[in-house]
Amino acid sequence: MNKIARQYAIKEIINSMPVANQDELRLQLKKRGFNVTQATLSRDMQELGLARVASGDGARYVLQPEAEVQILRPLVGAEVISIQCNESMVVIKTLPGCASVVAEFLDAQKHPGIIGTLAGDNTLLVIPESQKKTQSLLNYLKETLIEGK
C-alpha cells in the first residue's frame, strides 16, 4: 500500500481513538493492512505533524492544526484559477467546489491584512483590512497561493 493511503489511515486512527504510543498506532495500522516499521511510522508521524499531548486519560497523539494547513498547501495552489482585485476586495476563482478549502487555508494563515473570507462553490471573497492594503494583500495571496511560498 502506498504512502498516501498509509498516512490517511494514520489520520483516521488518530482522529477516531486515543493512541498513546507508536506501538499502539502500528498495531492499528496492521489491522488495516499496513505493515510498517518503526522508522517508517516515525517519518509519517513527523510529516503529518502529529504531536503527543497530555489529556485527562493520559498522553495521546493529535494532528496539529498547523500541520493540516501545511498538508493543504500544495493542493490549494492547484485549485486556484485566478486572483483579481478592485480598490477594496479580492476575488479568487477556484475549481468547482474548492473555494471553501482555499478559504480555510487562508483563514488558518491568520494574516493580519485579512479581515475575513467568504466562500461560495468556486468563488472566494477576501476582505482586506483597509483599502490602502488591498494591493499588498493581492501580492501576498498570489505569492502564497500560486507560488506556494
Handout entry: Pairing residues for R60 by the side chain to side chain contact (heavy atoms under 4.5 Å, CB included) criterion, not counting sequence neighbours
Key = P18, V53, S55, V62
Handout entry: Residues in side-chain hydrogen bond (donor to acceptor under 3.5 Å, both in side chains) contact with R43, at least two apart in sequence or another chain
Key = T40
Practice task
Can you sort out the partners of S42 under side-chain hydrogen bond (donor to acceptor under 3.5 Å, both in side chains), two or more places apart, ordered by chain and number?
Solution key: Q22, Q38
Problem - Side chain proximity check, I83 to V90, heavy atoms < 4.5 angstrom - result: yes
Practice task
Return the minimal non-hydrogen interatomic distance between L137 and G113, and the atom names on each side.
Solution key: CD2-O, 3.9 Å
Exercise for the section: Would you check if the side chain of R52 reaches a backbone N or O of A20 as a donor-acceptor pair within less than 3.5 Å? Expected result: yes
Handout entry: Exercise: identify the closest heavy-atom pair between F34 and A9
Key = CE1-CB, 3.6 Å
Problem - Summary of ring-ring contact (aromatic ring centres under 6.0 Å, His included) pairs that have at least one residue in residues 108-140, sequence neighbours excluded - result: H111-Y140
Handout entry: Listed partners of Q28 passing side chain to side chain contact (heavy atoms under 4.5 Å, CB included), at least two apart
Key = I13, M17, K31
Problem - Sequence-distant partners of D107, side-chain hydrogen bond (donor to acceptor under 3.5 Å, both in side chains), two or more places apart - result: T117
Problem - K11 side chain reached by L48 side chain, heavy atoms, under 4.5 Å - result: yes
Completion exercise
Residues pairing under salt bridge (Lys or Arg N to Asp or Glu O under 4.0 Å) where one sits in residues 74-93, two or more places apart or in two chains, turn out to be none
Handout entry: Flag, side chain of E143 to backbone of N139, donor-acceptor distance under 3.5 Å
Key = no
Problem - Pairs flagged by salt bridge (Lys or Arg N to Asp or Glu O under 4.0 Å) wherever residues 121-140 is involved - sequence neighbours left out - result: E129-K133
Handout entry: Connected hydrophobic set around I81, excluding itself, where side chains approach under 4.5 Å
Key = L95
Exercise for the section: Taking all non-hydrogen atoms of both residues into account, name the closest pair between P128 and S88 and its distance. Expected result: CD-O, 3.2 Å
Exercise for the section: Could you list who else is in L125's hydrophobic cluster, with ILVMFWY side chains joined at under 4.5 Å, directly or through other members? Expected result: M89, V91, I115, L118, I127
Problem - Side chain to side chain, I146 and L141, heavy atoms closer than 4.5 Å - result: no
Exercise for the section: Taking all heavy atoms of G120 and all of A99, pick out the closest pair and write down the distance. Expected result: O-CB, 3.4 Å
Practice task
With the side chain counted from C-beta on, respond yes when N86 and T134 share a heavy-atom pair under 4.5 Å apart, and no when they do not.
Solution key: no
Exercise for the section: Go through L50 and I10 one step at a time and tell me if the side chain to side chain contact (heavy atoms under 4.5 Å, CB included) criterion holds. Expected result: CA-CA 10 Å; L50 293 183; I10 291 170; 3.8 Å; yes
Exercise for the section: Determine the minimum heavy-atom distance between C85 and Q135, stating which atoms define it. Expected result: SG-OE1, 4.3 Å
Practice task
Search all heavy atoms of T94 against all heavy atoms of T123 and return the closest pair with its distance.
Solution key: OG1-N, 4.4 Å
Handout entry: Close side-chain approach of E47 and K3, heavy atoms under 4.5 Å
Key = yes
